[in-house]
Structure formats: structure tokens, C-alpha cells
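Notes to accompany the following structure.
Naming: A, B, ... by sequence-line order, numbering from 1 per chain.
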Amino acid sequence: MSEKTIGHGTWYDKMAQKVISRERKLGQSLDLVKTEMGLGASGFPHIGSLGDAARSYAVTLALKEMGFNSELVAFCDDTDGLRKVPVGLPASLKKYLGFPVSSIPDPFGCHESYGKHMSSLLLDALDKCGIQYHYLSAKEVYEKGLLLDQIRTILLNAKKVGEIVKEEVGQDRYTEVLPFFPVCSKCGRIYTTKAYKFEPETDKVLYKCEGLEIRGKLIAGCGHEGEADIAKGEGKLTWKSEFAARWKALDIRFEAYGKDIADSVKINDRICREVLCFEPPSHAKYEMFLDKGGKKISKSAGNVFTPQVWFRYGSPQSLLLLMLKRFVGTRTLDVSDIPSYMNELDELEDVYFGKKQVGAKEAVKLRGLYEYCWVMKTPAKPSIHVPYNLLAFLVKMAPQECLNAFLTEKLQSYRYLQKNQQVDADLAKRVEYALNWVQDFEEIKETPVSLTEAEEAAVTNIVTVLEAADEPDEIQNAIFNAAKTNGLKPGAFFKTLYLILMGAPQGPRLGPYILAMGKQNVIAALRRALSKK
RNA sequence: GGGCCCGUAGCUCAGUCAGGCUAGAGCAUCGGACUUUUAAUCCGAGGGUCGCGGGUUCAAUUCCCGUCGGGCCCGCCA
């Protein structure tokens with residue numbers, strides 16, 4: 001019955017409240033409530049990776065809005081090994097299969113390692129979205145020994161860990177092998193090593209580099225037997241225990257996760273509780289993003305939809321809208337959805353600024369969503385809203401030479417801009433998106449138009465008139481006259497002209513457009529159409 | 001073997017923080033207006049057993065159980 005709005009009325013506010021009441025019940029300190037996300041570093045970051053960040057950060061924001069101190073930890077998995085050479089990268093990387101990504105040179109040559117390069121792509125996207133985070137590199141964390149206590153505890157209780165894994169997912173590997181991957185000191189690979197003994201007195205793990213089969217492919221080991229110092233970053237915990245160590249060591253209270261690692265989280269929760277004696281963070285599970293064909297969007301499949309691709313056609317806020325709009329449910333996703341998210345964001349903005357009226361309850365929700373899309377830094381005044389399709393259409397039709405003048409004039413006449421109002425920075429950005437869109441997806445096709453005899457005669461008439469005319473109205477009238485004198489319906493004839501001139505069945509008012517386009521160009525185009533017969 | 005998501009108008013989907021008036025939007029379709037015509041715009045119309053069956057409730061598209069159909073994830077690594 002109670003209609004009290006929590007925070008900004010979104011899912012994130014509710015989650016934040018849940019986190020807090022759980023922490024209170026557990027009697028934990030609320031001085032700093034940390035959330036965490038994993039920062040993949042083994043391949044090109046896809047859209048889904050940003051979803052993880054956006055949602056966790058939204059919870060952090062919600063916590064802050066509730067008056068708590070909170071931060072998002074971005075934990076970079078740069079000690080993970082390279083399992084597969086991603087599509088689009090040179091096959092020469094094959095020799096690094098099994099190497100920690102932080103020890104592989106950057107194939108692009110601009111970062112200190114392969115891992116840095118990949119993770120920086122995602123960090124760049126986070127920055128564009130205004131998502132703030134506390135960056136931690138796994139490599140550094142291990143080298144500094146920040147997880148040392150937890151690693152020790154886990155290795156000393158490896159038997160128990162192995163049992164938990166077996167109970168939860170039926171995998172019995174870890175009843176024999178320690179849940180730790182040393183980096184082979186001879187060949188430099190991780191994952192190929194089998195850790196069989198822990199010596200607590202020296203913090204050393206004894207291993208043999210045997211090789212490991214991943215996705216049907218064997219990454220060969222070198223056979224070396226050695227020992228790794230767990231205090232010096234000479235290896236890492238497997239994921240079926242690393243989360244737990246991180247949560248405790250870094251004091252994490254909330255972590256969202258994709259359903260693909262659901263089992264891993266389940267196991268880690270138990271390890272955290274039963275082995276490390278630390279209550280694991282609150283969780284929220286989200287679904288994967290699928291492409292329109294229903295396939296998981298992943299780097300290895302080659303259908304990479306990266307944040308960078310999104311930013312080519314849409315704003316960071318529109319991407320956050322996609323991420324935050326709905327938490328549950330599988331999302332199918334395609335580049336072609338970007339315009340609708342851009343438009344939807346404009347609608348939210350209208351609601352936020354009271355330009356569009358909706359029900360009170362609805363308004364609260366939509367305003368809240370808008371605020372989160374702007375990571376609480378909402379603009380002071382609304383932007384100029386031009387529907388994406390219209391902009392795309394206009395930039396497609398616009399003569400290259402005078403794009404801005406053409407756009408400004410059209411937008412003024414459509415009343416999107418006031419008289420004398422010019423295109424501002426935000427609108428210019430929208431134009432850029434639309435231009436990219438049109439360039440990439442709507443190339444103007446030069447479809448040959450076959451003309452009837454009457455149409456030919458009319459086109460010829462127009463060419464004649466054009467030679468002399470230089471007033472928009474004069475040209476506009478000439479087209480009508482040409483149609484009428486040749487017994488054509490003006491509507492149909494206009495359509496023909498649009499097809500000839502721009503390959504679309506409709507377009508802007510022709511009189512002014514022909515002048516803007518350059519009379520001679522138009523005459524040439526018309527003559528080409530005539531000669532195509 | 002274990003788990004999850006989806007199923008609402010011809011199409012794409014909202015409607016799931018939190019059950020509540022005649023279930024909405026966009027597009028598409030049809031009709032009308034403006035008749036020199038521009039992506040049109042404006043007005044209006046039609047169209048839905050909310051997959052199916054049960055249950056909880058004063059009240060279910062919404063919550064619970066079952067079921068059918070479509071799809072995904074995990075079961076090696078992460």
C-alpha cells in the first residue's frame with residue numbers, strides 16, 4: 001500500500017537499500033560501501049562488459065544518494081591467460097596462448113601490454129560515460145600481496161574448497177589440485193601448471209607445467225617443475241576462489257554478475273563464508289546481451305559489438321539508458337537499435353524537464369532513470385531534440401558542400417531551431433552520429449531509373465528551364481509545369497525526380513534544394529538519367 | 001544433467017524497485033484535412049482470449065505452481 005518512493009524510484013535505489021539493510025543486519029561498518037566489477041583484459045571489451053560497470057556504478061550512485069560513502073572498484077583481470085586469439089588480431093599471437101595477458105606485448109604497440117590495451121578500451125568507455133571507479137590491476141594486487149592472507153587460508157583449506165566445488169558443480173579437479181595457477185617460471189604460461197603442494201612456511205606452491213585443454217584445444221606445457229611464491233605475484237587463484245579472496249581483502253559489499261558465471265559466484269559465496277569467514281557481498285544477476293540472431297555477444301564469436309561502435313552512432317547517455325533501463329531479462333541488441341535509444345533519451349529528458357506530462361508514478365521512475373543515465377550530473381537545460389531519423393535523412397540529402405547551412409535552414413523551417421538560432425555543440429554531435437550512421441548503413445544507391453516517354457519530355461523541359469532559372473520558386477514551379485504539360489501527376493513526377501537525384505522516393509522541397517546542390521550538378525544528373533535509356 | 005530469459009495489436013516492444021480505474025507506445029494499415037507536393041504534419045479509425053491451465057487476492061499482464069513453444073547460460077577456462 002505504501003507508495004513511498006525509494007531514492008530516485010529505480011531498481012538501483014531499491015538494491016542500494018537492500019544492501020544497506022543487509023549490512024546493518026550483519027553489523028558491518030558502513031563507512032565505505034564498495035561495489036565491484038571485473039574488467040576483462042583478454043579480448044576486445046564488448047557492450048556487455050560495460051553493462052556490468054554501468055549497473056554496479058548505478059548501485060554506487062544510489063548508495064551515495066542515500067548518503068553513504070561508496071565507490072566502484074574496477075578490478076582488472078590482467079593476470080588471466082590468453083585462451084584464444086581474438087578475431088581480427090594477428091595469428092602470430094598464437095605463441096602467447098596461455099600467457100598472462102599482462103606479459104604479452106601489445107599487438108597495437110601503444111600500451112605496455114596486450115592486457116593494458118584491451119582494458120584501456122573499456123576504461124575509455126567508462127570515462128566517456130562518466131563512470132568513476134577505483135582501478136586495481138590484478139597483477140599489482142598479487143605482486144603487492146594484497147590477497148596474501150586469503151590465498152594462504154584458501155590453500156591451507158584446499159581440501160574444503162575442493163569439496164565445495166565438487167558439491168556445487170560436480171567438478172572434482174580441485175579435490176586433487178590446488179585452486180591456484182602458478183605462472184611457469186620456465187615457459188611463462190599460466191593455466192598449464194598444476195599446483196600440487198603448498199608449503200606454508202615459505203609461501204611456496206609446487207607445480208608441474210603439464211598443459212591444459214581449453215575448449216577442446218590443448219595448450220601444451222613445458223614439463224617444468226618448479227615453485228611459485230604466492231606473495232610475489234607468481235601465480236593467481238583460480239576463479240573458483242579468487243572472487244572470495246577479493247571480496248574479503250577489498251571489503252566488497254555488492255557485485256553484479258552475468259549468468260555465465262553464476263556457478264562461479266555460488267561457489268565463491270560458500271568459500272567466502274565457510275573458508276574465509278567473511279559474509280559475501282550482495283549480488284544481482286543479470287542476463288547476457290544477445291545479438292538479434294540470439295547468439296551471445298562475445299569477443300571470440302567475432303560478432304563484436306563494442307562500446308566504441310556504439311559511440312560512433314549514439315551518445316554515452318543513450319548507451320547507459322540501454323544498460324540501466326531494465327535490469328532483468330535477456331536483451332537482444334543490434335546496432336540498428338541505437339536511434340531508438342537516442343530518441344527515448346530525448347523523451348526522458350522531456351519528462352525530466354516537465355515538457356512531457358505522464359502519470360505521477362511514471363514520472364518519478366522516468367526522471368530517476370534519466371538521472372542515472374547522466375550519472376546524476378543532469379544538464380541544466382534541455383537539449384534540442386531532433387528525431388534521429390530526421391537528422392539521418394537530412395544529412396543524407398544535404399549537399400556535401402554546405403551541410404551546416406542546409407541543416408540549419410531546414411531545422412529552422414521545421415521549427416526545431418528558432419529563427420536565427422544556430423546548431424549548438426550538442427546538436428552538432430547528433431549530426432555527427434547521423435552522418436556516421438548514413439555513411440555506414442545508408443549509402444545512397446545509384447539506382448538507375450527508367451523513364452517513360454512523358455517523363456523524359458518533362459525532364460528535358462526542366463533541364464531547359466534550369467539553364468536559365470536561379471530562383472527557388474521558379475524552379476519549383478517549373479517542375480509542376482513540366483509535369484502538367486506532359487500529362488503527369490505532379491506527385492508521381494516528384495517521386496521520379498527524387499529517385500534520380502537522391503535514390504529515395506521522397507526528399508526536401510526541390511526548388512531550394514536544387515540550387516543548394518549546385519544547378520550544374522543537377523542538370524548533369526538529369527542528363528545522365530536521360531541518356532541511360 | 002543443472003539453471004535462466006522470453007511469449008502482450010500485423011511488426012518491434014513498454015507495462016517487473018512497488019498487483020489497482022476502460023492494457024499502452026512507435027511503426028504499419030485504413031479514412032479525412034492541408035490541395036505548389038518537402039522527412040510531411042494534423043485529426044480520426046480499426047486491431048489484443050496479455051502462450052495455456054490452475055492457485056493466492058477484494059483485485060493478477062504483474063505474485064506462486066504446473067505446462068507448451070522459442071532461445072540462452074553453465075557442466076574445461078574465465
Side-chain angles (χ1 to χ4, degrees), chain A residues 1-18 38 40-43 62 77 79-84 98 168-171 173 181 190-191 212-219 236 238-240 242-243 258-264 266 285-290 292-296 298 300 325-332 336-337 340 343-344 347 358-359 361-362 364-365 368-369 386-387 389-394 396-397 410 413-415 472-473 476-481 483-484 489-495 497-498 504-513:
Chain A
M1 278 287 112
S2 77
E3 290 284 310
K4 215 167 41 185
T5 299
I6 302 168
H8 296 262
T10 69
W11 186 91
Y12 307 97
D13 299 289
K14 194 199 171 194
M15 192 67 225
Q17 197 189 46
K18 267 191 193 161
S42 48
D77 295 311
T79 49
D80 287 5
L82 184 67
R83 285 163 288 152
K84 198 184 166 189
E168 292 296 333
V169 296
Q171 180 192 22
R173 173 183 169 88
F181 277 122
I190 195 166
Y191 296 162
L212 186 70
E213 190 179 309
I214 292 177
R215 283 186 206 278
K217 282 190 182 169
L218 183 78
I219 298 180
K236 76 183 286 282
T238 70
W239 263 36
K240 289 193 173 80
E242 186 183 270
F243 272 137
K259 78 170 174 186
D260 51 340
I261 58 164
D263 284 337
S264 192
K266 212 184 328 178
K285 181 169 69 176
Y286 55 84
E287 293 286 320
M288 304 282 90
F289 284 88
L290 310 176
K292 286 292 190 217
K295 285 222 162 178
K296 184 172 90 155
S298 76
S300 53
K325 181 180 172 178
R326 199 166 45 150
F327 194 94
V328 295
T330 306
R331 310 290 296 278
T332 59
S336 63
D337 297 328
S340 61
N343 291 337
E344 188 174 343
E347 263 184 67
V358 293
K361 205 170 157 186
E362 180 103 4
V364 169
K365 246 161 104 168
L369 183 55
V386 182
N389 297 343
L390 172 58
L391 265 189
F393 176 83
L394 286 177
K396 184 162 78 173
M397 295 306 155
K410 285 296 155 201
S413 76
Y414 298 158
R415 302 279 170 79
D473 284 347
Q476 188 78 17
N477 286 333
I479 298 172
F480 275 93
N481 292 334
K484 279 180 204 157
K489 287 180 101 175
F493 185 54
F494 267 91
K495 193 170 164 186
L497 287 178
Y498 286 122
Q506 73 284 308
R509 189 180 171 91
L510 278 177
Y513 181 75

Is any side-chain heavy atom of A:Met15 closer than 4.5 Å to one of A:Thr10? no
Which nucleotide sits closest to the side chain of A:Arg83: B:rC73, B:rC74, B:rA78? B:rA78
Assess whether a salt bridge exists between A:Lys325 and A:Glu344, defined as any Lys/Arg side-chain N lying under 4.0 Å from an Asp/Glu carboxylate O. yes
Can a side chain N or O of A:Gln171 be found less than 4.0 Å away from OP1 or OP2 on B:rC74? no
Select one nucleotide: of B:rC77, B:rC74, B:rG3, the one nearest the side-chain heavy atoms of A:Leu212. B:rC77
Answer yes or no: is there an ion pair linking A:Lys240 with A:Asp263, defined by an N-O contact shorter than 4.0 Å? no
Return no unless some side-chain N or O of A:Lys240 is found under 4.0 Å from OP1 or OP2 of B:rC77. yes
Checking B:rG71, B:rA78, B:rC77 against the side chain of A:Trp239 (C-beta onward), the nearest is B:rA78
Take atom C1' in B:rC77 and the same atom in B:rG24, then report the distance between them in whole Å. 46 Å
What interatomic distance, in whole Å, is found between P of B:rA14 and the corresponding atom of B:rA9? 12 Å
Provide the Watson-Crick or G-U wobble partner of B:rA39, both distances under 3.5 Å; none if there is no partner. none
B:rC50: pairing nucleotide in any strand, Watson-Crick or G-U under 3.5 angstrom: none
Whom does B:rU22 pair with, Watson-Crick or G-U wobble, provided both distances fall under 3.5 Å? none
On the side chain of A:Lys285, is there an atom forming a donor-acceptor pair with the base of B:rC4 - under 3.5 Å, no angle test? no
Among B:rG71, B:rC77, B:rA78, which is the nearest nucleotide to the side chain of A:Ile214? B:rC77
Hunt down the Watson-Crick or G-U wobble partner of B:rG1, both distances under 3.5 Å, from any strand shown, or write none. B:rC74
Reported CD1-to-OH distance for the pair A:Ile219 and A:Tyr191, which is rounded to 0.5 angstrom: 8.5 Å
Strictly by Watson-Crick or wobble contacts shorter than 3.5 Å, is anything paired with B:rA9, and which nucleotide is it? none
